Amino acid sequence: MPQENANTIRALQGLENSSPSVRLQATLAVGTTPDPRFIDKLIERCAIEPDFYVRDMLTWALTRHPSPMTVPKLVDELRSEHAQARSQALHTLSKIGDRRAWPAITRALLTDPDDEVARSAWRAAVVLVPEGEEPELAGVLATQLGRGERETQLSLSRALVALGETIEPALRAAMTDLDPRVRHHAIATGRLLRDPDAGFEYAIEEAKRVVALGTTGQEG
């Protein structure tokens, strides 16, 4: 037991080391040998970890623990005032894939003013949505069409396309929106739905051409 406790203390200290490579190795060790005593610390680090690769490893380490232990704690993080805590918790929930987390994916998260939080919520939602609730989710996601820069728009398009043909009514409505950015995004998403191999940049430029010609982009 003394050696085990020493290893635990060493791992906990490693998670807070100033070196990203040390934190990465410590997280890898924790995930390789899961221990419920680390769950709180892993989640705490997710909220403040500055390094992308370490954050990704933190998520992996959490997925290695039993979901009944991690999911309730991650759901609690969704109410955090810190955007990174919400975003990383959503990302981790999407990787765990436990649909018991679905009720926590609220409209507020899907429309969160922080782009990273919203993008994580979109990805989590399409993984966790129960069968039959896809049309309602598509309707909420469609309210975000036209939002943000290309990276954010591509994330939303991918989430919508993942829902399949159920998104078509919401897209048709958005194609007549007064905001040209919304129309462009809706038309481009529709093209990606029909041709997943089409590039997003091409789809957006084609959508702009369609709008300029005064059509809705529903033909062809």
Side-chain angles (χ1 to χ4, degrees), residues 39-40 42-60 62-63 67 70-130 133-164 166-167 169-171 173-174 177-186 188-189 192-193 200 204:
I39 291 175
D40 287 344
L42 290 170
I43 292 175
E44 177 188 314
R45 286 302 308 176
C46 281
I48 59 175
E49 173 56 53
D51 186 90
F52 170 82
Y53 296 104
V54 179
R55 288 200 303 273
D56 217 36
M57 188 67 78
L58 288 166
T59 284
W60 172 79
L62 283 165
T63 67
S67 62
T70 57
V71 168
K73 294 176 181 292
L74 290 165
V75 166
D76 286 343
E77 285 292 281
L78 300 182
R79 294 186 287 271
S80 172
E81 62 183 25
H82 301 294
Q84 183 173 306
R86 301 195 302 277
S87 175
Q88 199 65 23
L90 286 161
H91 175 64
T92 306
L93 287 169
S94 74
K95 295 300 183 183
I96 293 172
D98 188 331
R99 287 187 167 175
R100 285 174 292 186
W102 168 249
I105 311 300
T106 61
R107 188 186 187 99
L109 287 169
L110 294 168
T111 61
D112 196 285
D114 185 280
D115 284 346
E116 284 304 313
V117 175
R119 292 172 63 197
S120 296
W122 302 337
R123 288 190 290 264
V126 299
V127 170
L128 301 175
V129 62
E133 295 193 34
E134 295 92 347
E136 183 177 354
L137 174 59
V140 177
L141 293 182
T143 67
Q144 301 302 289
L145 286 163
R147 169 179 175 166
E149 301 303 321
R150 292 298 167 87
E151 192 175 4
T152 299
Q153 292 190 6
L154 177 56
S155 291
L156 181 58
S157 290
R158 284 174 172 163
L160 284 163
V161 168
L163 294 175
T166 190
I167 69 173
L171 287 183
D177 196 275
L178 294 176
D179 186 340
R181 284 173 58 87
V182 174
R183 297 201 302 275
H184 296 160
H185 197 181
T189 303
L192 289 177
L193 178 64
F200 185 68
I204 282 287

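The shown structure was predicted, so the numbers you read here are calculated from the model rather than taken from an experiment.
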Exercise. Given the rule in the side-chain contact (heavy atoms from CB on, under 4.5 Å) test, do Cys46 and Leu74 qualify, once you have shown the distances and angles that lead to the verdict?
Worked result: CA-CA 10 Å; Cys46 281; Leu74 290 165; 6.0 Å; no
For this session: Answer whether the closest heavy-atom distance between the side chains of Thr106 and Leu109 falls below 4.5 Å.
Result: yes
For this session: Could you tell me whether the side chains of Thr111 and Gln144 share a donor-acceptor contact shorter than 3.5 Å?
Result: no
Problem set entry | For the student: nearest non-hydrogen atoms of Leu163 and Thr166, plus distance | O-CG2, 3.1 Å
Exercise. Rounded to the nearest 0.5 Å, how far apart are CG of Asp112 and CZ of Arg119?
Worked result: 13.0 Å
For this session: Of all the heavy-atom pairs spanning Glu77 and Ala89, show the shortest one and how long it is.
Result: CB-CB, 3.7 Å
Problem set entry | Euclidean distance, Ser87 OG relative to Leu78 CG, rounded to 0.5 Å | 10.5 Å
Exercise. Are any of the side-chain heavy atoms of Leu42 and Thr70 separated by less than 4.5 Å?
Worked result: no
Exercise. Is any side-chain heavy atom of Thr143 closer than 4.5 Å to a side-chain heavy atom of Arg107?
Worked result: yes
Exercise. Does the side chain of Ile105 come within less than 4.5 Å of Leu137's, by heavy atoms?
Worked result: no
Exercise. Between Arg86 (side chain) and Ser80 (backbone), is there a donor-acceptor pair under 3.5 Å?
Worked result: yes
Exercise. When you look at Glu49 and Gln88, which way does the side-chain contact (heavy atoms from CB on, under 4.5 Å) test go after all the steps?
Worked result: CA-CA 10 Å; Glu49 173 56 53; Gln88 199 65 23; over 6 Å; no
Problem set entry | Between CG on residue Leu160 and CG on residue Leu192, distance to nearest 0.5 Å | 10.5 Å
Exercise. Is the count of non-hydrogen atoms from other residues, nucleotides or ligands lying under 6.0 Å from Arg147 atom CZ greater than 12?
Worked result: yes
Show the atom names and distances, to 0.1 Å, of all donor-acceptor pairs under 3.5 Å that link a side chain in residues 95-104 to residues at least two apart or in another chain.
unit_1, atom_1, unit_2, atom_2, d
Asp98, OD1, Arg100, N, 2.9
Asp98, OD1, Arg100, NE, 3.0
Asp98, OD2, Ser67, OG, 3.2
Asp98, OD2, Arg100, NE, 3.1
Asp98, OD2, Arg100, NH2, 2.6
Arg99, NH2, Val129, O, 3.4
Trp102, NE1, Glu133, OE1, 3.2

Problem set entry | Between OG on residue Ser155 and CD on residue Glu116, distance to nearest 0.5 Å | 7.5 Å
For this session: Keeping the roles fixed (side chain from Arg183, backbone from Asp177), state whether a donor-acceptor pair exists under 3.5 Å.
Result: yes
Seminar exercise, completed: Heavy atoms of His91 and Thr59 approach each other most closely as CD2-OG1, 3.4 Å
Exercise. With a 4.5 Å heavy-atom cut-off, do Gln153 and Arg181 have their side chains touching?
Worked result: yes
Problem set entry | Shortest non-hydrogen contact between Val75 and Leu93, atoms and distance | CG2-CD1, 4.4 Å
Exercise. Shortest non-hydrogen contact from Ile167 to Val161?
Worked result: CD1-N, 4.2 Å
Problem set entry | Working for side-chain contact (heavy atoms from CB on, under 4.5 Å), residues Arg123 and Leu90 | CA-CA 8 Å; Arg123 288 190 290 264; Leu90 286 161; over 6 Å; no
Problem set entry | Minimal non-hydrogen separation, Leu145 against Ala174, with atom names | CD1-CB, 3.5 Å
